[in-house]
Amino acid sequence: MRIRAVSIWLLLLAGIAIAAAQTSPAPNPAAPPVESEKPMLTIPAGTKVPLSLKQAISTKTAKDGDPVYAEIAFPFVVNERVVIPAGTYLQGRIERVQRGGHVKGRAEVLIHFTSMIYPSGYTVMLGGSVENTPGAERTSMKDSEGTIRQDSDAGTKAKEAAGGATTGAVIGAVTAGGKGAGIGAGAGGVAGLAVGMLSRGADVRLEPGASIEMEIQREVTVDASRVSARREVIVRND
């Protein structure tokens, strides 16, 4: 009896297994495979990246909203992995531009970078500001926003006024003796001051190829599988 009961239980279990196999759906060979989680890389906030400017920028002609283009000059590496390869493009815009004043106020330009385009065409949005401009002469950083400011040229204007006074003194001495020298100096000084007031301060000018250091303002996550791809070069034989 015990043997018969065991046999019956085995037959029942076998029947249940066969029924489950028949009711379960067969795998579809045409169904796409389930993708594994993409490998991601993180660019930390505060990362500084050297750029090469692709076009000239001058406060004399630039306007708010004008586009700015640059290129990564040197690859950026995190944990022995290239996160931003050289040749990656940066796109941004001019947020604010101000020309130098006639009497006071220096020329300024504020640039923000908004997107990064990898050699494969993979595009990542970012927030980037200018940290330094080692490739531009007579400029300095005004604030933490990344405003580039032209150095003061007050000394140059003072020399112009002094030069006008000296020239006036020489002309006055020749035409009216010693007394005329004082009159000529005064007239020359007034003329030099007038020229200084009529002329604007020097403009900020960044030449194509100028070196710019960008700081990434917030953490950026990128797809590691799309970082190292190279641009495709199409060759035509017409």
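Residue numbers run from 1 in the order of the sequence given.
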Next item on the list: List the atom of P50, the atom of F74, and the distance in Å for their closest heavy-atom pair.
Entry: CG-CB, 3.9 Å
Next item on the list: Apply ring-ring contact (aromatic ring centres under 6.0 Å, His included) to Y122 and list each qualifying residue two or more places apart in sequence or on a separate chain.
Entry: Y118
Next item on the list: May I ask you to decide if Q91's main-chain N or O and T114's side chain share a donor-acceptor pair within less than 3.5 Å?
Entry: yes
Check: Closest approach of E213 and P134, non-hydrogen atoms and distance?
Finding: N-CD, 4.4 Å
Notebook entry, point to check: Which atom pair, heavy atoms only, marks the closest approach of V204 to R149?
Noted result: CG2-C, 4.1 Å
Next item on the list: Kindly indicate, with the supporting measurements, whether the criterion side-chain contact (heavy atoms from CB on, under 4.5 Å) is fulfilled by V68 and I57.
Entry: CA-CA 8 Å; V68 177; I57 297 175; 3.9 Å; yes
Checklist line | D223 side chain to S225 backbone, donor-acceptor under 3.5 Å | finding: yes
Next item on the list: Taking all non-hydrogen atoms of both residues into account, name the closest pair between L53 and E207 and its distance.
Entry: CD2-O, 3.9 Å
Check: Roughly how far, to the nearest 0.5 Å, is the CD1 atom of I212 from the CG atom of L206?
Finding: 5.5 Å
Check: What's the spacing between L126 CG and I216 CD1 if we round to 0.5 Å?
Finding: 6.0 Å
Next item on the list: Check E108, Q98, R96 against T147 for a side-chain hydrogen bond (donor to acceptor under 3.5 Å, both in side chains) and give me the one that passes.
Entry: R96
Margin query: Any non-hydrogen side-chain atom of L51 less than 4.5 Å from a side-chain atom of I72?
Written below: yes
Check: Which pairs count as side chain to side chain donor-acceptor pair (under 3.5 Å) when at least one residue sits in residues 42-55, sequence neighbours excluded?
Finding: K54-E71
Check: What distance separates S58 OG from R205 CZ, expressed to the nearest 0.5 Å?
Finding: 5.5 Å
Checklist line | Charged N-O contact under 4.0 Å between R93 and D66 | finding: no
Margin query: Can you tell me how far apart CD (Q217) and CD (E131) are? Round to the nearest 0.5 Å.
Written below: 10.0 Å
Note to self: Between T59 (side chain only) and V97 (backbone N and O only), is there a donor and an acceptor less than 3.5 Å apart?
What the structure shows: no
Next item on the list: Test I84 against M116 for side-chain contact (heavy atoms from CB on, under 4.5 Å), laying out the working first.
Entry: CA-CA 9 Å; I84 311 177; M116 184 164 54; 3.9 Å; yes
Next item on the list: Let me see the working for Y69 and L90 under side-chain contact (heavy atoms from CB on, under 4.5 Å), right down to the final yes or no.
Entry: CA-CA 6 Å; Y69 304 100; L90 272 295; over 6 Å; no
Notebook entry, point to check: Which heavy atom of D64 sits nearest a heavy atom of E95, and at what distance?
Noted result: CG-O, 3.8 Å
Check: Would you call L110 and I94 a side-chain contact if the rule is heavy atoms closer than 4.5 Å?
Finding: no
Next item on the list: Test side-chain contact (heavy atoms from CB on, under 4.5 Å) on V220 and V124 and set out the steps.
Entry: CA-CA 8 Å; V220 178; V124 177; 3.3 Å; yes
Item checked: Between CD1 on residue I117 and OH on residue Y89, distance to nearest 0.5 Å -> 9.0 Å
Notebook entry, point to check: Does the side chain of V227 come within less than 4.5 Å of V83's, by heavy atoms?
Noted result: no
